[in-house]
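Shown next, in structure tokens, is the structure this report addresses.
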Amino acid sequence: MGNLSGFVKRVRDVMRNDAGINGDAQRIEQIAWMLFLKVYDSKEEDWEFEDEKYESIIPENLRWRNWAHTENKNEGLTGDHLLNFVNNDLFPMLKKLEISPDTPIRQSIVRTTFEDANNYMKDGVLLRQIINIIDELDFGSYEETHAFGEIYETILKELQSAGSAGEFYTPRAVTAFMAKMIKPQIGQTMADFACGTGGFLSSWIKELEDIKEAKGVISNEESEKLYNSIYAVEKKQFPYMLCVTNMLLHGIDNPMIFHDNSLTKKLLDYTEKDAFDVILMNPPYGGSEKEDIKQNFPADLKSSETADLFIAVILYRLKKNGRAAVIIPDGFLFGNDNAKVNLKKKLLSDYNLHTVVRLPQSVFSPYTSITTNILFFNNEEPSGTTWFYRVDMPQGIKHFSKTKPMKLGDFDDCVAWWDNRTEIIDAEGNPKAKCFTSQELIEGGYNLDLCGYPHEEEEILSIKETIQNYKKHSEAVEEKINATLAKITEILGIDL
């Protein structure tokens, strides 16, 4: 257990001396493929114990235990011999492992994980040192695996400040709050169609494990349902690798996680078998999709904005009486272009959009300053009302940051309000929580930008804060301009 506390620091200290590693993102990517192989090897020990006929998909000489693990750390591959093995044997072979539709998920994930992976290190002696540090981890012990799960979370968290990799990480306070409010039940299925590093999946599993613990004993069938309840898709290779490793650490032997793009299938082709009881998601936003992707969507829901298309997919893949919690940017709330208005129409007339939770602006700092919200809706008869609730910054904190991230406790007031809803007016006379009828929202032109944050009084800001503020406002203005342009091009019949 003592090895764990200094794990990240030890690895970082060694990697700093390697000329091939350039920045945080590459460092984490380098750790990721080695950790995957170590965790996978430990899993294979379990599978071999359970099934004497088990055969690894990885050729014998490429299995972690046969080239990385060594009882005597002075022996084994190192230096140029190790680099040559990793670059010319290990990677090429794992990238082209033979898989077919009949290959079990727990085996096909090896090839998928390595398809676009890279070894950045150029010093074989330093590479051996990292491998030795990783090999010290004992995933045969439940306590150590569980403890490492926490450390893995900190590794994922570091992605937030590693350039664009942050887009795959939703703060755990947010995923935990959403999973808690969705009230999971053992036996239900949950999906995330752009899962990043798997934050929603692990929060969902944690909620189910809490239920399991409260029950005391659950049947093998229930236990199997718990660990087979997730389905996820991730378009980008690196977060996909991190997510699969995350799920293996969580005890999921057959992670139904696919390296794919959820927007490439025709929306109208989805059937009941493609639907799920629960959908928890933070769709990518700010991106724009090409014409061939847009063609998969009916005319009324066709949009260039990635988040809009994901909302459409969620609506079509949520089971009857299913529940969804989805993070969306402010632009969706006030947007008045064709797709956004039609999606909001559906949410109010065909679904039950029961709650909109407004999140403070700096929740995703430092990755983005775009303000976000959580939509909670069910695939059931609309109740005719939608509640809005604004989560305010905790006292004494001006904005969240890498060193002061949002905590689950910051949602305590919202959780307390959830089951006993009342309208709340803040000290400035602005609504903090308020209920609107569907009719009011429709008459307001489907503008859901309600119970927002009051404008702060003028204050003198530092240069850094001024730049951050400018970035935030310019992004918001750009969203409004894009929404207006989309409306104009639609009226004029121009297809951009």
Side-chain angles (χ1 to χ4, degrees), residues 1-42 64 67-70 73-74 76-80 82-83 86-87 90-91 113-114 116-139 144-169 171-172 196-199 202 236-246 248-249 365-367 401-405:
M1 206 66 148
N3 293 334
L4 288 179
S5 54
F7 174 81
V8 177
K9 183 181 186 311
R10 288 169 71 202
V11 169
R12 182 190 282 125
D13 288 348
V14 175
M15 279 192 189
R16 280 204 176 116
N17 296 317
D18 192 293
I21 301 283
N22 182 17
D24 281 358
Q26 281 190 359
R27 173 172 54 81
I28 295 168
E29 198 170 334
Q30 181 75 26
I31 299 171
W33 69 259
M34 290 184 274
L35 263 180
F36 170 81
L37 286 178
K38 168 70 179 173
V39 172
Y40 192 80
D41 195 61
S42 169
W64 179 271
W67 66 270
H69 177 66
T70 169
K73 294 293 160 60
N74 296 319
L77 281 172
T78 188
D80 290 344
L82 177 60
L83 274 185
V86 167
N87 293 331
L90 184 73
F91 270 75
T113 295
F114 272 84
D116 293 316
N118 298 292
N119 171 47
Y120 294 110
M121 291 185 74
K122 291 181 174 171
D123 185 320
V125 175
L126 295 176
L127 180 57
R128 166 47 69 187
Q129 287 176 27
I130 300 282
I131 287 165
N132 289 349
I133 294 168
I134 288 173
D135 195 49
E136 285 171 20
L137 300 167
D138 177 14
F139 293 124
E144 184 127 337
T145 307
H146 183 73
F148 189 77
E150 304 290 310
I151 285 183
Y152 196 72
E153 278 294 308
T154 67
I155 292 171
L156 298 181
K157 205 171 183 178
E158 286 192 23
L159 278 176
Q160 258 198 302
S161 55
S164 62
E167 67 188 281
F168 312 118
Y169 184 88
R172 288 301 164 258
T197 58
S202 43
K236 296 197 175 173
Q237 172 66 28
F238 177 40
Y240 171 83
M241 180 198 294
L242 294 167
C243 183
V244 168
T245 311
N246 200 1
L248 290 172
L249 282 167
S365 176
Y367 170 63
S401 63
K402 188 187 170 192
T403 51
K404 278 194 231 159

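In this text the structure is predicted, and so the values were computed from the model without any measurement. All heavy atoms count here, side chains included; hydrogens, waters and symmetry mates do not.
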Quick check: closest heavy atoms across [X] and [Y], and the distance to 0.1 Å?
X      : Y      : value
Leu90  : Leu37  : CD2-CD1, 4.1 Å
Leu82  : Gly124 : CD2-O, 3.6 Å
Leu127 : Met121 : N-CE, 3.6 Å
Cys243 : Gly196 : CB-O, 3.4 Å
Met34  : Trp64  : O-CZ3, 3.6 Å
Met241 : Ala117 : CE-CB, 3.5 Å

Of all residues at least two apart in sequence or in a different chain, which pass the salt bridge (charged side-chain N to carboxylate O under 4.0 Å, His left out) check with Asp13?
Lys9, Arg16
State, yes or no, whether a side-chain contact exists between [X] and [Y] at a heavy-atom distance under 4.5 Å.
X      : Y      : value
Met15  : Ile31  : yes
Phe139 : Asp41  : no
Asn119 : Leu83  : yes
Tyr120 : Asp18  : no
Phe36  : Leu248 : yes
Thr113 : Trp33  : no

Under the criterion side chain to side chain contact (heavy atoms under 4.5 Å, CB included), which of Asn132, Ile130, Ile131 is the partner of Ile134?
Ile130
Describe, in one word, how the ring planes of Tyr152 and Phe148 are oriented to each other, choosing from parallel (under 30°), tilted (30 to 60°) and perpendicular (over 60°).
tilted
Please round to the nearest 0.5 Å and tell me the distance separating atom CD of Gln129 and atom CZ of Arg10.
10.0 Å
Rounded at 0.5 Å granularity, tell me how far CG in Asp123 sits from CD1 in Ile21.
11.0 Å
Do the side chain of Arg128 and the main chain of Leu77 share a donor and acceptor less than 3.5 angstrom apart?
yes
